[in-house]
Amino acid sequence: MNNIHRIFNNNSGDYMENLYDSYDINKKKFEDDFKECSDFLLREAQIDGEKCFFCVMDGLVDSLQLSQMVTKPILESKLKFHNPSEHFDLIKKCVVSSVEMNEAKTFDDCYYFLMSGFAVFYLDGCRRALALGIQGWNRRSTDDPTNESMVKGAKECFVESINDNKALLRKRLKTHHLKLRQIKLGNAAQTPVVIAYIDNRAESKLVNEIEMRLKSANLNTVLDYGCLDPYIDTDVPSFFTCVGNTERPDVFASKLLEGRVGVMVEGTPFVMYTPYLFSDAFSSFDDYDNPPFYATFIRWLKYLSFLISVFLPGLYVAVGTYHQELIPTNLLYIVATSEATTPFNLLTEAILIHILYEIMREAGLRLPKSIGHAVSIIGAIVIGEATVTAGIIGAPMLVVVAVTAISSYVVYSLYESVAVLRIIFIILGGIAGIYGIMLGAGMLFVNICVINPYGVPYSAPFSPLSVKSLGDTFIRQGWKKLAKRRVRVSELEGTDIGK
């Protein structure tokens, strides 16, 4: 094989081999590369005296479409032509009826289309192949979202097929301004990734920056969206992320309308979007179906729950260890009586019970559903009753942990951050009391304000303060006022994304 048939691939750093005009060489190359692949199917045929072959991956194509839209029309065609290239063009333009059609000029392109549910057709004497979309694999239905269930919201979610996800998004946003830019990532095995944005809402600088970062990801393959998260996240060390994710098409559509850029990955039902702001964690799509006064009340509860889940255990340890004078007398007597019978101090007790809680939570998530409830029963008996009865853990501490655990689930998108921050503030409270809690809180809020993904302050619209944008953050205004707002992330105070 001659080197003139090889071209360099900038993404993978490897050479891609062009197709040959020899039928036998191309056929042998396909058969050698897919040796011991039982799902690879190749059929040889002749058209007007010219040799050709069709190849597909079994299980990824619709057999009926393959027969009716590809093989039968091509084999029964009667065309007049002068050379193989003209014959190929006539088949492409006048014979096959598949709408999704691409030309492949390298073996890598052919293999990528095969793995994506295309049928590849090669005609002797040509240095290109025809890839025809006839996908037919099994798909999961767009059922009720499992992680973002809502009382009054839509009952559909993204699935693992990127084409279905694009269709769900297109159904929500019926505008030509919605752009779905598809690229391929991965050196060993390429995965289709879609960059979604609305061209008259999102800044082109933001779109190009995200595409550049994704293409710089030197990964063998992209198995899940989490592989790409670090490449588009902020470089500032923090417990918080600037990349949001959702499995709901309505939520994703609303984020794109605000000028954000989304990333969809083949094989995962979750899509990412950025810039993701701190205030986004405290709003849900249900808020816009509820009356403004109730939605505002729920948002206040979410902010309160966040503060409780992060600071309450550390504050309890700090006050109980160093600042007992702040506790009411009756409550102080209960706490002192309970803690006098336990072998550990408040700091050790708090860390121990939180670690046990996280162990139980993780076990409940990973166990099969049929026996997952056993973890709850064991946890309630062993930790909820036996440890208190045996005098290992104080009852007030157990109450604090229970309140903290429930509060941390109110803002579930921040759970990972809260779980670690909670332990840190327990240690700070046990070592330096309330002064340690105040110092840690100050550092935490400074860190939130320092994060500036793509020129958009993570703490916006609270810092820098944007009064115009507060109508949909800490409170939720009525639709008559919200309808007049056209706030985009690029227009928030302190943003320099478009500059």
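- The ring pair (Phe, Tyr, Trp, His ring centres under 6.0 Å) test with Phe278 is passed by exactly one of Phe462, Phe306, Phe239: Phe306.
- To the nearest 0.5 Å, atoms CG (Leu428) and CD1 (Ile423) are separated by 11.5 Å.
- Not one N or O on the side chain of Arg299 forms a donor-acceptor pair closer than 3.5 Å with the backbone of Arg476.
- Residues Pro457 and Thr495 are in side-chain contact: their nearest non-hydrogen atoms beyond the backbone lie under 4.5 Å apart.
- Taking each heavy atom of Pro313 and Ile308 in turn, the nearest pair found is CD-O, 3.8 Å.
- Judged by distance alone, the side chain of Arg181 and the main-chain N or O of Ile195 form no donor-acceptor pair under 3.5 Å.
- Taking the charged nitrogens against the carboxylate oxygens, Lys205 and Asp496 have no contact shorter than 4.0 Å, which rules out a salt bridge.
- No donor-acceptor pair under 3.5 Å is formed between the side chain of Trp300 and the backbone N or O of Ile475.
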Check the pair Leu326 / Ile434 against side-chain contact (heavy atoms from CB on, under 4.5 Å), numbers first and verdict last. CA-CA 11 Å; Leu326 298 178; Ile434 291 182; 3.5 Å; yes
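- With a 4.5 Å cut-off on side-chain heavy atoms, Tyr322 and Tyr435 do not count as touching.
- Between the side chain of Asp289 and the main chain of Asp286, no donor-acceptor pair closer than 3.5 Å is present.
- Ion pairing of Asp108 with Lys184 is absent here, as no side-chain N (NZ or NE/NH1/NH2) approaches a carboxylate O to less than 4.0 Å.
- Panel note: side chain Thr221, backbone Gly186; no donor-acceptor pair is recorded below 3.5 Å.
- Partners of Asp229 under the salt bridge (charged side-chain N to carboxylate O under 4.0 Å, His left out) rule, at least two apart in sequence or in another chain, do not exist in this structure.
- The line from OH of Tyr273 to NZ of Lys255 is 4.5 Å long, rounded to the nearest 0.5 Å.
- The aromatic rings of Tyr303 and Phe474 are tilted relative to each other, their planes meeting at an angle between 30° and 60°.
- Under a 3.5 Å cut-off, the side chain of Ser338 and the backbone N or O of Ala395 do form a donor-acceptor pair.
- Residues Gly259 and Leu206 share a closest heavy-atom pair of O-CD2, 3.9 Å.
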Please evaluate residues Asp250 and Tyr288 with respect to the criterion side-chain contact (heavy atoms from CB on, under 4.5 Å), reporting the C-alpha separation (whole Å), side-chain torsions for both, the decisive distance (0.1 Å), and the verdict. CA-CA 12 Å; Asp250 48 5; Tyr288 303 97; over 6 Å; no
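- Without hydrogens or angle criteria, Tyr454 side chain to Ile232 main chain gives a donor-acceptor distance under 3.5 Å.
- Heavy atoms only, all atoms of each residue included: Gly430 and Leu347 are closest at CA-CD1, 4.1 Å.
- For the residue pair Pro192 and Tyr112, the shortest heavy atom distance occurs at CB-OH, 3.2 Å.
- Residue Phe158 comes nearest to Pro249 through the heavy atom pair CZ-CA, 3.5 Å, listed as atom of the first residue, atom of the second, then distance.
- The CG atom of Leu331 sits 12.0 Å away from atom CD of Gln324, with the distance rounded to the nearest 0.5 Å.
- A salt bridge does not link Lys481 with Asp472: every distance from a Lys NZ or Arg NE/NH1/NH2 to an Asp or Glu carboxylate oxygen is 4.0 Å or more.
- Ala281 is linked by a side chain to side chain contact (heavy atoms under 4.5 Å, CB included) to Tyr276, Val411, Ser413, Leu414, counting only residues two or more places apart in sequence or in another chain.
- Side-chain contact check for Ser161 versus Gln135: every heavy-atom pair is 4.5 Å or farther apart.
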Show the numbers, then the answer: is there a side-chain contact (heavy atoms from CB on, under 4.5 Å) between Lys302 and Ser284? CA-CA 11 Å; Lys302 290 180 179 180; Ser284 64; 3.5 Å; yes
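- The aromatic ring centres of Tyr409 and Tyr415 sit less than 6.0 Å apart.
- Between the side chain of His354 and the main chain of Arg422, no donor-acceptor pair closer than 3.5 Å is present.
- In this structure, Ile393 and Thr342 have side chains that are not in contact, with every pair of non-hydrogen atoms separated by 4.5 Å or more.
- Not one N or O on the side chain of Gln190 forms a donor-acceptor pair closer than 3.5 Å with the backbone of Asn187.
- Between the CE atom of Met264 and the CG atom of Leu168 there is a distance of 8.0 Å, given to the nearest 0.5 Å.
- In this structure, CZ on Arg248 lies 7.5 Å from CZ on Arg172, to the nearest 0.5 angstrom.
- Using a 4.5 Å heavy-atom threshold, the side chains of Tyr316 and Pro396 count as touching.
- Ser238 places a side-chain N or O within donor-acceptor distance of the main-chain N or O of Phe240, the cut-off being under 3.5 Å.
- Around the CE atom of Met115, the shell of radius 6.0 Å holds more than 12 heavy atoms that belong to other residues, nucleotides or ligands.
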I would like to know whether Leu180 and Arg170 meet side-chain contact (heavy atoms from CB on, under 4.5 Å); could you show each step before the answer? CA-CA 9 Å; Leu180 301 171; Arg170 183 67 70 179; 3.8 Å; yes
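- In this structure, Tyr225 and Val263 have side chains that are not in contact, with every pair of non-hydrogen atoms separated by 4.5 Å or more.
- The shortest distance between side-chain heavy atoms of Glu211 and Arg213 does not fall below 4.5 Å.
- When side chains are defined from C-beta on, Arg260 counts as touching Leu277, because their heavy atoms get closer than 4.5 Å.
- Once rounded to the nearest 0.5 Å, the distance linking CG of Asn452 with OH of Tyr458 reads 13.0 Å.
- When all heavy atoms are compared, the tightest approach of Tyr412 to Arg361 is OH-NH2, 3.4 Å.
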